[in-house]
Asker: 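I have a structure here, written as structure tokens, and I will follow up with some questions on it.
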Amino acid sequence: MFALIDCDNFFVSCERVFRPELENKPIIVLSSNDGCAISRSDEAKLLGIPMGAPLFEIRHLVKAYNVEVLSCNFELYGDMSRRIMNILQQECEKVEVYSVDEAFLEYDDTINWIAEGERLKKYLMKCVGIVTSIGFGTTKTLAKLASVQAKSSGSCCYLDGSSKYFDVLKAMPVGKIWGIGAKINKNMRQQGNYTAYDLLTADPKSIRKQYSIIVERIVYELNGRSCLPLTLIQDLKKSIQITRSFSSPVSDKDILKQAIARYGFRLAYKLRENLQKTKTLWVYGCNTKFDVADTVLHQRTIVLDEPTNNTATIIKYAQNAVEEFFDPKLNYSKIGIMALDLRDATIPQAQLMFEQKTSLKKDIDKVMDSLNKRFGLSTVRPLACGESVDWMNKRGNKTPEYTTNWHNLVHVKAK
DNA sequence: TCTGGGGTCCTAGGACCC
DNA sequence: TCTGGGGTCCTAGGACCC
């Protein structure tokens, strides 16, 4: 038996925990650079604000209905997520953290599912203050679908592939199924498969021929035949990237080089956190993708002599790449760096052709990491990252880091 | 004027091997 | 003029997820 725990309107809900006066009001949380709405309260959804709507397109609604607009505060959401996952891990032996606001649980023994779900829901609300939707199912796909049903009904829901639940599946649009995105949804509807029930009764082999093995698996999963096991141990990452849009387009090479140094610095830190090294870097810069015809992408791929997670090395290659592809005529709207071909840093690689470097660089990284972990990210950083932050992206309405910064602790007065 | 960031998996086709 | 059969590995692109 699988369960899916999904936090309702997660980012908005995190904000409300510390701003209870925002309860029952329309709120949206924006993406980085204050660009799009990426989390909406139920009240905001009712106003017709779609997921991912650019702020400039919904200004009239924001104004007319006095919508509270918040910048994203990922420090807060990340910490709230950790709290929730820790609780789930205490409550159940088998937990797969699927995303920042979702987790799959697996149970072996027979218990009263709905009662267990309601208990968990209440407990999470009491401990963290976040409303969750919980679905149970005999496969992960069914548990996911049950959580969708739970969201609309307000209480926990159970699904298996038996005819007992066909009514629910007949009312469930095919596009709501985990793994059916916009493209496949469109094709399915053209073929006359409108609901989860239609897909459940489809022929798996012909579905595979027409779509892919992924959609074939979904058919089996809807029938109650489990194809997707719980992944308890997270595989090592295969790629890591850091990319940001500028608050306004940049055509100054020095600023681009500062920005890429910052992202390289973050990237190297993440690699070290994951105990990984990279053998291949991909550095790119582009103008806005909304200028239809003339989208330009400048890029360099760098294959390193030996795998590294050293900040100075990564920044050096990243800045070289920018130096090479830079074109003063282009307005860069964002640049980014990606580490590919990642290796396990705990397995030492013997070097045949290259002399062993001294450990000085390693020591510098170690000191930087420990200071930054203790006093906050980028307390110390390489000079290459620069000081000026004018070009950095906007987060105009960011709320305090209530749970991760001593200076932002909530003050409570007792009367 | 203004439009996020970070991932995964699968497939087809090309290059190469014997 | 005619030109086999069976593999592997890598990459780019597409689709999906949150």
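On a predicted model such as this, the values are computed, not experimentally measured, just so you know. Per chain, numbering begins at 1; letters A, B, ... match sequence-line order.
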Asker: For C:dG5, which nucleotide in any strand shown is its Watson-Crick or wobble partner with both distances under 3.5 Å?
Answerer: B:dC18

Asker: Does A:K394 make a side-chain N or O approach to OP1 or OP2 of B:dG4 shorter than 4.0 Å?
Answerer: no

Asker: Using whole Å, what does the distance between atom C1' of nucleotide B:dG6 and atom OH of A:Y77 come to?
Answerer: 17 Å

Asker: Compare side-chain N and O positions of A:S245 against OP1 and OP2 of B:dG5 and report whether any pair is under 4.0 Å apart.
Answerer: yes

Asker: Select base, sugar-phosphate, or nothing to describe what A:K144 touches, counting heavy atoms under 4.0 Å on all strands.
Answerer: sugar-phosphate

Asker: Need one value for A:R244: base, sugar-phosphate or nothing, where a base atom within 4.0 Å counts as base even if backbone is also close, heavy atoms only.
Answerer: sugar-phosphate

Asker: Of the nucleotides C:dC16, B:dT8, C:dC18, which one has an atom closest to the side chain of A:I184?
Answerer: C:dC16

Asker: Name the nucleic acid region contacted by A:D34, choosing base, sugar-phosphate or nothing; use a 4.0 angstrom heavy-atom cut-off, strictly under.
Answerer: nothing

Asker: Base, sugar-phosphate alone, or nothing: which one does A:L30 contact when heavy atoms must sit under 4.0 Å apart?
Answerer: nothing

Asker: Among C:dC16, B:dC10, B:dG6, which nucleotide has an atom closest to any side-chain atom of A:K183?
Answerer: C:dC16

Asker: Answer with base, sugar-phosphate or nothing: what part of the nucleic acid does A:L55 contact at a heavy-atom distance below 4.0 Å?
Answerer: nothing

Asker: State which residue, out of A:V12, A:V69, A:L47, fulfils the side chain to side chain contact (heavy atoms under 4.5 Å, CB included) condition with A:I28.
Answerer: A:V69

Asker: Taking the side chain of A:S31 as heavy atoms from C-beta outward, which of B:dG4, B:dT8, C:dC18 is closest to it?
Answerer: B:dG4

Asker: Which whole-number value in Å describes the distance from A:F11 CZ to B:dG6 P?
Answerer: 13 Å

Asker: Could you check how far CZ of A:R266 sits from P of B:dG6, rounded to whole Å?
Answerer: 9 Å

Asker: Atom CG of A:D101 to atom P of B:dG5: distance rounded to whole Å?
Answerer: 19 Å

Asker: Just checking A:F325 against A:Y284, ring centres under 6.0 Å apart?
Answerer: no

Asker: Can you say whether the rings of A:W178 and A:Y98 are parallel (under 30°), tilted (30 to 60°) or perpendicular (over 60°)?
Answerer: perpendicular

Asker: Rounding to a whole Å, what distance do you find between A:W178:CH2 and C:dC17:P?
Answerer: 10 Å

Asker: How many Å lie between CD1 on A:I38 and P on C:dC17, as a whole number?
Answerer: 17 Å

Asker: In whole angstrom, what separates A:L340's CG from B:dT8's P?
Answerer: 10 Å

Asker: Any idea how A:F326 and A:Y332 line up, ring-wise: parallel (<30°), tilted (30 to 60°), or perpendicular (>60°)?
Answerer: parallel

Asker: Considering only side-chain heavy atoms of A:K270, which listed nucleotide, C:dC18, B:dT8, B:dG7, is closest?
Answerer: B:dG7

Asker: What's the closest nucleotide to the A:E102 side chain, out of B:dG6, C:dC18, B:dT3?
Answerer: C:dC18

Asker: For DNA chain B, whose closest nucleotide is more 5', that of A:I242 or that of A:Y211?
Answerer: A:I242

Asker: Between A:F18 and A:Y402, what is the ring plane arrangement, given parallel below 30°, perpendicular above 60°, and tilted in between?
Answerer: parallel

Asker: Mind checking A:A182 for me? I need base, sugar-phosphate or nothing, with any heavy atom below 4.0 Å counting as a touch.
Answerer: sugar-phosphate

Asker: Are any of A:K334's side-chain N or O atoms less than 4.0 Å away from OP1 or OP2 of B:dG5?
Answerer: yes

Asker: How far does the C1' atom of B:dG4 sit from the matching atom of C:dC17, given to the nearest Å?
Answerer: 15 Å

Asker: Would you say A:S239 places a side-chain N or O within less than 4.0 Å of OP1 or OP2 belonging to B:dG7?
Answerer: no

Asker: Need to verify one output field. Residue with the more 5' nearest nucleotide on DNA chain B, A:Q241 or A:S247?
Answerer: A:S247

Asker: Closest to the A:S32 side chain: B:dT3, C:dC18, B:dG5?
Answerer: B:dG5

Asker: Would you mind classifying the nucleic acid contact of A:R217 as base, sugar-phosphate or nothing, using non-hydrogen atoms under 4.0 angstrom?
Answerer: sugar-phosphate

Asker: Please report, rounded to the nearest Å, how far the P atom of B:dT11 is from the NZ atom of A:K209.
Answerer: 15 Å

Asker: Can you tell me which nucleotide in B:dT11, B:dG7, C:dC18 comes closest to the side chain of A:Y98?
Answerer: C:dC18

Asker: So, A:R395 and A:D34, do they make that salt bridge, N to O below 4.0 Å?
Answerer: no

Asker: Looking at A:K25 and A:E43, does any basic side-chain N land under 4.0 Å from a carboxylate oxygen?
Answerer: no

